[in-house]
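Take a look at the structure set out below.
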Amino acid sequence: MSKRILIVEDTEDNLQILRDLLTHSGYAILEARDGATGVQAALQHVPDLVLMDIQLPVIDGYEATRRIKSNPATATIPIIAVTSFALAGDEAKTRAAGCDGYVSKPYSPRSVLQLVRQFIG
Amino acid sequence: MRFTLSRASRPRARGKREIFAPAAKPGPALEDELRVAQSVHLVSQLPALVVGNCGGAAVAFVALMHSTDWRLLLAWLGLVWMLCLPMAVNWFRLKDRPAPEQVSRRRIRRARLHSLALGAAWALILVFVAQSEVPIEVRLLVTVAMLVLGLGASIVMAPLPDAALAYMLPVLVSMLLFVASNDQTPLHSHTILNLFVAFASLSFLRQGWLSFRRSLESAGERARLAEARAREVELRHSAESALRISQEEVQSTSATLQTIQRRMQSIVEALPYPVAVFAKDDAHVLYANERSAELLDVPLPRVYELAGPDFFAERAEYEQFLKRLEASDVVSGFEARLKHPHGTDVWTRLSAIVMTYGGESAVLSTIEDVTERKRYELELHAAKEQAEAANRAKSQFLANMSHELRTPLNAVLGYAELMADGVYGALPDSVLSVLGRIQANSRHLLGLINDVLDLSRIEAGQLALAHEPYALSDIVASVRSAAEPLARAKHLEFRTQAQPGMPAGTGDARRLTQVLLNVVGNAIKFTDTGCVEIRACCDGERFVVEVQDTGPGIEQKDQARIFEEFQQVDNTSTRNKGGSGLGLAISHHIIELHGGAFDLESVPGRGSIFRIAWPTQASLEACP
């Protein structure tokens with residue numbers, strides 16, 4: 001059974017790029033378009049990996065990450081922040097919230113794939 | 001002149017032996033004094049002695065001349081007169097001459113001998129009187145005259161008792177002998193009279209001597225008294241003059257004090273600051289200068305009706321001020337609002353010191369009107385807040401811009417890559433080529449966005465440097481791996497050279513890499529043939545990196561300009577070579593933030609050397 005990746009992303013284009021990239025590489029995709037839904041989906045489906053945008057409606061990626069990491073049922077799921085916050089200190093902030101990886105936009109889909117594979121093969 | 005003789009040691013005349021003796025152990029000074037006084041007395045009495053003796057002798061001569069050999073008698077008279085002659089001469093000679101002690105002593109000695117001689121001469125008269133031819137009346141007359149002479153001598157010569165005795169004794173002795181031996185004169189009453197007169201003479205002599213001594217002593221005492229009085233007067237005078245001087249001093253001191261006080265008062269009055277003195281107990285105003293009244297905009301007398309708390313706009317500030325004053329006797333620069341009766345409060349800076357004023361504990365306060373300054377401060381504060389808010393807004397704007405520009409760019413680059421990777425199916429070469437152009441331009445756009453954002457951050461002072469250890473050789477290696485493919489693509493020789501064993505540096509490795517990449521990238525971009533070389537070394541406490549190329553070089557006049565924003569040597573080349581013209585400006589700022597500097601050596605047509613040097617340990621101030 002293919003690995004399942006939860007993409008939490010509110011921008012349709014970016015969501016589609018990741019979906020196209022990852023499905024093309026053989027991963028199963030779960031989607032959420034805001035932070036709260038993302039947390040709920042993680043709890044419901046317990047994916048193998050989460051790609052988390054930071055600027056999100058309802059609750060932002062930092063908060064969503066904290067919730068997922070604070071729930072024992074989902075705490076072990078690796079989370080990679082995929083964000084346009086690319087300024088100095090932004091990576092540290094995502095790490096502080098509990099993210100395991102960090103990719104800044106604009107990213108190369110190839111490098112995202114590489115990182116995903118590092119976490120879940 | 002000193003008198004050592006006191007009243008108690010005055011001679012007590014008891015018995016003949018003591019009578020003529022000098023006073024009991026008189027001091028040498030008194031002895032000398034006595035001699036001098038005796039000498040003076042002697043000289044003064046000389047005329048009386050001369051007259052008495054000459055006259056007496058003449059009377060005796062007249063009385064006896066008829067009953068005895070007048071020639072012998074005349075010879076006797078001559079003898080007496082001859083003896084009197086030196087006395088008369090001496091009187092004329094010495095009457096006004098001072099008699100020092102030595103001279104006086106000599107004179108007295110001489111007078112003693114002289115008296116003895118004269119007394120002996122008088123004793124000789126008895127030879128004539130004893131002759132039987134002399135009638136009894138004459139005898140009586142002569143002896144009585146002699147006794148009178150002796151009596152007179154005992155009175156006159158009392159101060160020189162030994163001389164007087166020397167004068168009287170021969171006469172008395174011979175007379176007694178004469179009376180006793182001559183039974184032809186059976187006048188016992190006469191004998192008794194003789195004895196009585198002799199005794200009286202001695203008694204007078206003693207009395208005279210004692211009174212002379214006494215007068216001399218009392219003269220000494222008077223002199224002592226006079227001296228004491230003189231001393232007392234002198235003392236009084238000096239005390240009076242001292243008193244006068246000190247009174248004058250007090251007067252002049254108090255005048256000086258008044259002058260100082262007036263001066264101080266005018267200084268305090270002239271001070272541009274309000275000055276007031278408050279009583280420490282109930283805080284009422286003890287003193288206030290005109291400025292205090294001006295500050296509060298009330299007449300000066302009204303100020304004196306106020307007390308400390310009336311000045312303050314806020315009771316709490318007054319209490320705080322008191323607390324400060326209790327903690328320390330000096331308070332300076334206490335800011336407080338004072339009540340202004342006709343308008344807004346006055347902002348002041350109070351300085352106070354505890355002092356004694358007119359004997360009571362008081363607080364001297366100087367009040368500085370800082371309303372204007374306070375207003376500026378508040379305005380400045382507001383302006384600062386505004387600027388900070390603007391800066392925050394700018395930061396937020398930068399962050400938002402960065403975010404908002406990246407999001408669509410991400411879609412462009414992402415789709416392009418997926419398409420190029422065949423995610424959406426195989427594409428013809430012509431489409432792939434166009435896709436490559438889209439990707440290149442998008443990356444250029446991303447570079448521009450990054451540069452503009454960097455520059456904005458630098459201008460806003462918001463470019464934060466990391467402060468972490470790094471190895472310069474690692475930076476050179478990563479620059480090499482990034483730049484080498486570019487150089488290879490242009491068929492340029494590419495060399496790197498890093499000094500082995502360089503110490504670790506502290507600073508922002510990512511930014512330093514960015515700087516080196518920029519400079520090396522430029523070198524490759526502008527060099528068409530030849531080589532690009534990176535040389536890194538450590539020179540003391542500085543890293544020095546040289547980037548040498550064989551490019552076109554930069555004219556001297558353009559060398560400073562290339563570090564400015566949006567400048568390339570030939571602006572038309574921007575289109576040919578690409579690049580925003582921001583890279584070097586940003587690199588320059590980054591190196592400046594590290595405390596270092598750029599240096600450029602260039603020969604047009606031959607190439608350039610960019611030399612970048614910065615401290616191995618970036619100072620913390622440069623890394624906010």
Query raised in the report: Around B/E541, counting heavy atoms of other residues, nucleotides and ligands shown, do more than 12 lie under 6.0 Å from its CD?
Result: no

**Report entry** Heavy-atom pair with the smallest gap, counting every atom of B/H403 and A/Q55
**Finding:** CE1-OE1, 2.6 Å

**Report entry** Heavy-atom closest pair, residues A/S84 and B/R406
**Finding:** O-CD, 3.3 Å

Query raised in the report: What is the distance from atom CD of B/E417 to atom CG of A/L113, rounded to the nearest 0.5 Å?
Result: 10.0 Å

**Report entry** Minimum-distance pair of heavy atoms, taken over all atoms of B/A411 and A/D13
**Finding:** CB-CB, 3.8 Å

Query raised in the report: Under 4.5 Å between any side-chain heavy atoms of A/Q16 and B/Y415, yes or no?
Result: yes

Requested in this report: Return yes when atom CD of A/E12 has more than 12 non-hydrogen atoms of other residues, nucleotides or ligands closer than 6.0 Å, and no otherwise.
Outcome: yes

Requested in this report: For B/F397, look at atom CZ and say whether over 12 heavy atoms of other residues, nucleotides or ligands are found less than 6.0 Å away.
Outcome: no

Report task. Identify which part of B/D421 has an atom lying under 4.5 Å from any heavy atom of chain A, answering side chain, backbone, both or neither. Result -> side chain

Query - Exceeds 12 heavy-atom contacts within 6.0 angstrom, atom NZ of A/K93 - result: no

Requested in this report: Look only at the side chain of B/N410 and the backbone of A/Y107, and say whether a donor-acceptor pair between them is shorter than 3.5 Å.
Outcome: yes

Query - Where A/D20 and B/L418 come nearest, the two heavy atoms and their spacing - result: CB-CD1, 4.1 Å

Query raised in the report: Is it the backbone or the side chain of A/S108 that comes under 4.5 Å from a heavy atom of chain B, or both, or neither?
Result: both

Report summary line: Looking only at A/S25, A/S104, A/P106, the option with the highest number of non-hydrogen pairs under 4.5 Å against chain B is A/P106

